S.K.: 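Have a look at this one.
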Number of protein chains: 2
Amino acid sequence: MATLAEVARHAGVSASTVSYVLSGKRSISAPTRERVEHSIKELGYHPNAGARALASSRSNIIALMVPLRTDMYVPVMMEIAIAVATTARSHGYDVLLLTGEEGPAAVRRVTGSGLADAMIVMDVELEDERLPLLHATRQPTVLIGLPADTVGLTCVDLDFTATGALCVEHLAALGHREVAIVGEAPAVYERHTGFAERTLEGLRRRAGELGVRLLHRPCQGSYESMDGTLSRIFDERPGTTGFVVQNEAAIDPLLSLLRRQGRAVPEDVSVVAVCPEQVATQASVRLTSVAIPAQEMGQRAVELVVAKLEGNASGEQVALLAPELTVRASSGPAPGTA
Amino acid sequence: MATLAEVARHAGVSASTVSYVLSGKRSISAPTRERVEHSIKELGYHPNAGARALASSRSNIIALMVPLRTDMYVPVMMEIAIAVATTARSHGYDVLLLTGEEGPAAVRRVTGSGLADAMIVMDVELEDERLPLLHATRQPTVLIGLPADTVGLTCVDLDFTATGALCVEHLAALGHREVAIVGEAPAVYERHTGFAERTLEGLRRRAGELGVRLLHRPCQGSYESMDGTLSRIFDERPGTTGFVVQNEAAIDPLLSLLRRQGRAVPEDVSVVAVCPEQVATQASVRLTSVAIPAQEMGQRAVELVVAKLEGNASGEQVALLAPELTVRASSGPAPGTA
DNA sequence: ATGAAAGCGCTAACAG
DNA sequence: CTGTTAGCGCTTTCAT
């Protein structure tokens, strides 16, 4: 590979000049710049990443920690990861992919070695074991998801509390008074990932205000478990006319089982989902839903982290994205409503 | 951050000694090693990645190019990516995440800058535009998926031809004589990704040998398109008793529509899927299937690339993983068979 | 078994 | 506007 020095010689300038045309950190006369750029082309020069990192103590790499565990809805993670990668590139950064496997050790390794300039951490738990380290490091960090205590942290997430509220509001407005929540698998709640609880909280608070009765049931998402869950729901609350589902895997089983039971959607029961748009539009009934803005989350995370890196430390600590509910074919007036 | 020199001073040895205890490239007396290791602990020393890369011209990073496009089944991509990341770590490498977005330019950038020592490319197309560059670079590269011409390349993939054959064999053995193939979306075929064609080829060849009639229909995977596809299939071939599905999105619609039409699985029609285990076991009927060994593909890719990096250039060029068919509840004897 | 020292290729003062 | 130069922290001969 050609080196900076070779380019300099070829262009008849000094090394620093080449360096500066590359970085734009000082003004270069047009002719010089052109000569240098021409030499760069001609020699097929690419700056050496290691040397650059060593000299500037910036690797231009952002580390992204993705969960190893795969019980979350995978396409969302992937979409976030891809959004992070492409947004990062557009800001001149590459992305290092870390799995949760190494846990806190990965944080130490990356910050200690200068491998990455900053870090984006996905799937944060309420009491995440990486939190102390993230607090300690002065390396810019952004979390996707909210831990219990966000003091001193920068986080991005969908406003799940508002999401929950929005779902009941929609159903209440349609006259529904008994609503069942089909939630994530019990394991998700046990792990305290936060978002499930927050949705529930939003749901409950607003339901209380609107006089809607709520029944919450976690659900594995398989046909068997959905079958059981559904029986228990109608057993306990025969008057249930509205469903809020926050569990991608449960959507198809739910719709399918409702159909088999002869309950029409949306004539007999309405269904509102919290899921990616794609899932909502591809289900057997086009679902009224609150979208999970995966792309935007990844993008915002990068922008926040880049702002920190370039010193434009944005004031905001927690960026909560406002939920948007899209009405589709799965929700309608409660039976017996005007 | 502590530097190597500081560790050396702290331990009362020379810098090179510290370097050698780290790399193990020459023998160190036990006491010296201990002193050095102790100092490393005490100072919380982590070697600087940039300096190391510059001095050794090895970054210990493997680049992974994932497709930007999201019309493939995402969980498989994610599973491969995670397998790549964890396997790479276990060999001492980190993984740089590149999206297909930059296209060939990314290859140039990475090889040119020494950012990564090697590259794993996913979702290769038959006539991939990155191929010429990959051929040109002497940087170890492994493809996941097969291009049209694999000469001089190292590739990992499921043996889709054998997969297709396996599927018909299973159905033929059960007495099925008319089989329909529900394939990937037309776009997948148009893009010439190879795997779909190869499955089809295996299917056709073996079907010919076994006297099974085949009907192939691409399918978008939505309920609407599946509905249309299904009608056309039974229209054209009313005697169809077997289905082979290679399209994760089409599975739920297919099962659901068959049920609605009153065709029982597996009593009236048998269904064999080519999909990840998880999808097969979570469908409304537990599916007889050939698994897509995502993890193994990621792992093998890393192992091949690491072998190249460490000079144990394995002889094999194309690693085709043998398909395995697992019989579950969706396939049974053809109606009217003894 | 250990040290000394020469770079690796680039950035960023410091000088004009 | 451009050149000179001193490192950045580590690896790796070459010595001993």
Side-chain angles (χ1 to χ4, degrees), chain A residues 1-37 39-40 43-61 92 94 109-117 309-310, chain B residues 1-37 39-40 43-61 92 109-117 309:
Chain A
M1 280 288 88
T3 71
L4 209 183
E6 290 169 355
V7 173
R9 199 174 318 127
H10 182 111
V13 299
S14 74
S16 60
T17 298
V18 177
S19 176
Y20 285 118
V21 319
L22 251 33
S23 68
K25 288 190 181 172
R26 79 182 184 192
S27 42
I28 305 284
S29 72
T32 311
R33 154 179 291 105
E34 274 155 32
R35 242 164 345 112
V36 170
E37 279 167 349
S39 300
I40 289 178
L43 300 183
Y45 168 74
H46 279 272
N48 179 90
R52 183 171 262 190
L54 177 57
S56 64
S57 28
R58 298 185 60 342
S59 63
N60 282 294
I61 288 180
D94 271 294
R109 197 167 59 81
V110 167
T111 63
S113 66
L115 233 187
D117 298 333
L309 279 170
E310 335 243 278
Chain B
M1 278 284 90
T3 71
L4 210 185
E6 289 168 358
V7 173
R9 198 174 321 125
H10 182 113
V13 298
S14 74
S16 59
T17 297
V18 176
S19 177
Y20 284 119
V21 323
L22 250 35
S23 69
K25 288 189 180 172
R26 78 181 183 191
S27 40
I28 304 283
S29 71
T32 312
R33 153 177 294 103
E34 275 155 30
R35 234 153 3 104
V36 171
E37 280 167 349
S39 300
I40 289 178
L43 301 183
Y45 168 73
H46 279 274
N48 180 89
R52 185 171 260 191
L54 176 56
S56 65
S57 24
R58 301 189 60 334
S59 63
N60 282 294
I61 288 180
R109 197 167 58 81
V110 166
T111 63
S113 66
L115 232 187
D117 298 333
L309 279 170

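As the structure is a prediction and not an experimental result, all values here were calculated from the model. Lettering of chains follows the sequences in order, A, B, ..., and the numbering in each one begins at 1.
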S.K.: Would you indicate which nucleotide in C:dT2, C:dT11, C:dG9 comes nearest to any side-chain atom of B:Leu54?
M.R.: C:dG9

S.K.: What contact category does B:Ser29 fall into here, base, sugar-phosphate, or nothing, at under 4.0 angstrom with non-hydrogen atoms?
M.R.: sugar-phosphate

S.K.: Tell me which residues in residues 1-13 of chain B lie within less than 4.0 Å of DNA chain D, going by non-hydrogen atoms.
M.R.: B:Thr3, B:Leu4

S.K.: Any N/O pairs under 3.5 Å between the protein and nucleotides 4-7 of chain D? List them or say none.
M.R.:
residue : atom : partner : partner atom : Å
D:dT4   : O4   : A:Ser16 : OG           : 3.1

S.K.: Without decimals, in angstroms, what is the distance between B:Lys25 NZ and C:dT2 C1'?
M.R.: 17 Å

S.K.: Establish, with yes or no, whether the OP1 or OP2 oxygen of D:dC1 is under 4.0 angstrom from a side-chain nitrogen or oxygen of A:Ser27.
M.R.: yes

S.K.: Hey, does A:Val21 have a side-chain heavy atom less than 4.5 Å from the side chain of A:Thr32?
M.R.: no

S.K.: Going by the side chain to side chain donor-acceptor pair (under 3.5 Å) test, which pairs reach into residues 11-21 of chain B, not counting sequence neighbours?
M.R.: B:Ser14-B:Ser16, B:Ser14-B:Thr17

S.K.: More 5' along DNA chain C: B:Ile28 or A:Gly50, using each one's nearest nucleotide?
M.R.: B:Ile28

S.K.: What are the two closest non-hydrogen atoms of B:Gly50 and A:Leu54, and how far apart are they?
M.R.: C-CB, 4.3 Å

S.K.: Is A:Glu34 reaching over with its side chain to a backbone N or O of A:Pro31, donor-acceptor style, under 3.5 angstrom?
M.R.: no

S.K.: May I ask you to decide if B:Leu115's main-chain N or O and B:Ser59's side chain share a donor-acceptor pair within less than 3.5 Å?
M.R.: yes

S.K.: Taking the side chain as everything from C-beta on, heavy atoms only, tell me whether A:Ile40 gets closer than 4.5 Å to A:Leu22.
M.R.: yes

S.K.: With a non-hydrogen cut-off below 4.0 angstrom, is B:Thr32 in contact with a base, only sugar-phosphate, or nothing?
M.R.: sugar-phosphate

S.K.: Less than 4.5 Å apart, any side-chain heavy atom of A:Val18 and any of A:Val13?
M.R.: yes

S.K.: Whole angstroms only, please: what is the CZ-P distance between B:Arg52 and C:dC10?
M.R.: 21 Å

S.K.: Under a 3.5 Å distance rule, please check whether B:Ser113 uses its side chain to pair with a backbone N or O of A:His46 as donor and acceptor.
M.R.: no

S.K.: Figure out the CD1/C1' separation between B:Ile40 and D:dC10, and round it to whole Å.
M.R.: 13 Å

S.K.: In whole Å, what is the span from the CG atom of B:Leu22 to the C1' atom of D:dG9?
M.R.: 12 Å

S.K.: Quickly work out the A:His46 NE2 to C:dC10 P distance and round it to whole Å.
M.R.: 12 Å

S.K.: Where do B:Glu6 and B:Met1 come nearest, in terms of heavy atoms and distance?
M.R.: OE1-O, 4.1 Å

S.K.: Once you round it to whole Å, what is the distance between P of D:dT2 and CD of A:Glu34?
M.R.: 12 Å

